[in-house]
Structure formats: structure tokens, C-alpha cells
**Q** 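My questions will all concern the structure given below.
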Amino acid sequence: MKPYEISNMIVDEEAYDQEEVTADFTYQNQDYSITFKKGDLEVVNAWVFKNGASLPANLSEDIIELIRADVKNRI
């Protein structure tokens, strides 16, 4: 079983002339959003949502790699 659950994924092909993929997911009872460049799946940004605010997320490389592989399989 995965330690996270992707709830939504958006492929944006017109964002600043750079195609991007954003995945919203739950990990350790927290809601997160991570955006990758579509071409090489490099992380653009990652956010955690707490108390109605979005803050920069501090995710481990291991969880980022798991999500990256999952996103790659979905696109």
C-alpha cells in the first residue's frame, strides 16, 4: 500500500509556455500539492495546506520519487 493517496491530477499544457503536471495528494493526514515540469518531471514547487493557508512543503526525496513515478505512470 502506498503511504500517500493522489486525489487529483492536472496536466496544464499552457502554463508559462512550460507544460506542467500538478498532483494533489494526502500524506500523513496532511493535504499537499506538488507541481512537476511535464517533460522531465523536475519539481517546480510543493505546498502543504494547513489551517486554510498554503505553505512550502518539506517533503523527503523518497516520497517525491514515489509520487514522481506514480505521476509518470498516469501521464
Side-chain angles (χ1 to χ4, degrees):
M1 186 170 174
K2 297 177 188 173
Y4 64 90
E5 181 179 343
I6 293 179
S7 58
N8 190 35
M9 198 170 94
I10 300 168
V11 178
D12 188 353
E13 298 177 352
E14 298 179 18
Y16 309 108
D17 297 327
Q18 175 70 41
E19 293 182 346
E20 296 179 340
V21 179
T22 300
D24 298 330
F25 63 98
T26 303
Y27 172 63
Q28 295 182 339
N29 297 318
Q30 293 277 327
D31 292 325
Y32 292 87
S33 180
I34 189 167
T35 301
F36 299 99
K37 290 181 185 176
K38 186 178 177 190
D40 60 7
L41 295 179
E42 178 183 332
V43 175
V44 174
N45 59 45
W47 301 98
V48 60
F49 302 103
K50 291 184 178 180
N51 303 322
S54 57
L55 304 168
N58 186 15
L59 295 165
S60 71
E61 284 299 317
D62 291 338
I63 195 70
I64 291 171
E65 286 301 319
L66 288 172
I67 294 168
R68 180 180 283 127
D70 199 352
V71 166
K72 183 177 180 177
N73 287 333
R74 293 177 185 222
I75 56 173

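For the numbers below, each heavy atom of this structure counts, side chains included, while hydrogens, waters and symmetry mates do not.
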**Q** Do V21 and L59 land in one hydrophobic cluster if side-chain heavy atoms of ILVMFWY residues count as linked below 4.5 Å?
**A** yes
**Q** Applying side-chain hydrogen bond (donor to acceptor under 3.5 Å, both in side chains), which residue pairs with at least one partner in residues 55-65 are found, sequence neighbours left out?
**A** E65-R68
**Q** Only pairs at least two apart or in different chains count here, so list each ring-ring contact (aromatic ring centres under 6.0 Å, His included) that has a residue in residues 19-42.
**A** F25-Y32
**Q** Minimum heavy-atom separation for I75 to L41, with atom names?
**A** CD1-CD2, 4.4 Å
**Q** With salt bridge (charged side-chain N to carboxylate O under 4.0 Å, His left out) as the rule and sequence neighbours excluded, what pairs involving residues 33-49 come up?
**A** E13-K38, E19-K38, K37-E42
**Q** Report the residues that fulfil side chain to side chain donor-acceptor pair (under 3.5 Å) with T22, sequence neighbours left out, ordered by chain and then residue number.
**A** T35
**Q** What pairs with E5 under salt bridge (charged side-chain N to carboxylate O under 4.0 Å, His left out), at least two apart in sequence or on another chain?
**A** none
**Q** Could you verify whether a donor N or O on one side chain and an acceptor N or O on the other, from D24 and S33, lie under 3.5 Å apart?
**A** yes
**Q** Kindly compute the distance separating NZ (K2) from CD1 (I67), expressed to the nearest 0.5 Å.
**A** 10.0 Å
**Q** Give the table of side-chain donor-acceptor pairs shorter than 3.5 Å for residues 49-57, with sequence neighbours excluded, one pair per line with atom names and distance.
**A**
none

**Q** What pairs with K72 under side chain to side chain donor-acceptor pair (under 3.5 Å), at least two apart in sequence or on another chain?
**A** none
**Q** Restricting to side-chain contact (heavy atoms from CB on, under 4.5 Å), what partner residues turn up for N29, sequence neighbours left out?
**A** none
**Q** Y4: what forms a side chain to side chain donor-acceptor pair (under 3.5 Å) with it, not counting sequence neighbours?
**A** D70
**Q** Assigning hydrophobic clusters by single linkage (Ile, Leu, Val, Met, Phe, Trp, Tyr; side-chain heavy-atom cutoff under 4.5 Å), is V48 placed with I10?
**A** no
**Q** If hydrophobic clusters are built from ILVMFWY residues whose side chains come within less than 4.5 Å, do I64 and I6 share one?
**A** yes
